[in-house]
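Before any comments, here is the structure.
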Amino acid sequence: SSTMSFSEAEVQSARGAWEKIYVDAEDNGTTVLVRMFTEHPDTKSYFTHFKGMDSAEEMKQSDQVRGHGKKVFTAINDMVQHLDNSESFLGIVNPLGKKHATQLKIDPKNFRIICDIILQLMEEKFGGDCKASFEKVTNEICTHLNNIYKEAGW
């Protein structure tokens with residue numbers, strides 16, 4: 001569906017949870033990507049410049065990994081700022097989804113992997129309530145991305 005059903009309270013608690021992890025966007029974004037590449041090595045194949053990196057330490061130091069980690073967190077941050085406006089939210093999600101589906105040809109399951117790792121990191125750093133506050137947001141993001149992929153013929 002194109003309309004999102006977040007209550008004002010859900011929006012506020014999701015934003016509160018997200019702010020905690022977004023404060024260190026580059027470091028936390030890097031941690032998320034490094035975990036993804038380490039736990040799901042096939043995901044590295046999409047990033048030609050990360051392919052040769054095997055150690056987590058090497059990835060953590062990479063400017064490209066750090067840069068992309070920050071980019072992912074910035075995109076999610078834009079979405080989080082527009083949870084109460086589905087038109088603006090979709091204005092961010094749609095082009096992102098289209099680009100990943102048509103140009104980059106990234107398997108959509110990777111979005112779920114990234115979201116799950118973000119939730120895991122939230123829980124480790126800030127506890128279960130923080131994770132719970134953000135879970136609905138990640139479901140919403142993944143649902144919309146999957147719909148865009150379907151429209152793009154995946």
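Note that the structure is a prediction, hence the values are computed from the model and not measured. All values below were derived from every heavy atom in this structure, side-chain atoms included, with hydrogens, water molecules and symmetry-related copies excluded. In what follows, residues are counted from 1 in the order of the sequence shown.
Judged as a side chain to side chain donor-acceptor pair (under 3.5 Å), not a single pair has a partner in residues 90-100 (not counting sequence neighbours).
Applying the side chain to side chain contact (heavy atoms under 4.5 Å, CB included) rule to Cys130 yields the partners Ala17, Lys20, Met122, Phe126; only residues at least two apart in sequence or on another chain are considered. Scanning for ring pair (Phe, Tyr, Trp, His ring centres under 6.0 Å) contacts around Tyr46 gives an empty result, with sequence neighbours left out. Partners of Thr43 by side chain to side chain contact (heavy atoms under 4.5 Å, CB included), not counting sequence neighbours, listed by chain and number: Met36, Phe37, His40, Asn110. Lys70 is linked by a side-chain hydrogen bond (donor to acceptor under 3.5 Å, both in side chains) to nothing, counting only residues two or more places apart in sequence or in another chain. Scanning for side-chain hydrogen bond (donor to acceptor under 3.5 Å, both in side chains) contacts around Glu124 gives Arg35, with sequence neighbours left out.
With a 4.5 Å cut-off on side-chain heavy atoms, Arg66 and Asp27 count as touching.
Minimum interatomic distance between Leu119 and Thr138 (heavy atoms only, all atoms of both residues): CD1-OG1, 3.6 Å. Closest heavy-atom contact between Trp154 and Ala101: NE1-O, 3.2 Å. When all heavy atoms of Ala75 and Leu96 are compared, the pair lying nearest together is CB-CD1, 4.4 Å.
Side-chain atoms of Arg15 come within 3.5 Å of backbone N or O of Gln81 as a donor-acceptor pair. Of the possible donor and acceptor atoms, none in the side chain of Lys136 sits under 3.5 Å from a partner among the backbone N and O of Ala14.
For Lys109 and Asp42, the salt-bridge test passes: some basic side-chain N is under 4.0 Å from an acidic carboxylate O.
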Side chain to side chain contact (heavy atoms under 4.5 Å, CB included) between Leu90 and His144, intermediate numbers included
CA-CA 8 Å; Leu90 291 172; His144 284 293; 3.4 Å; yes
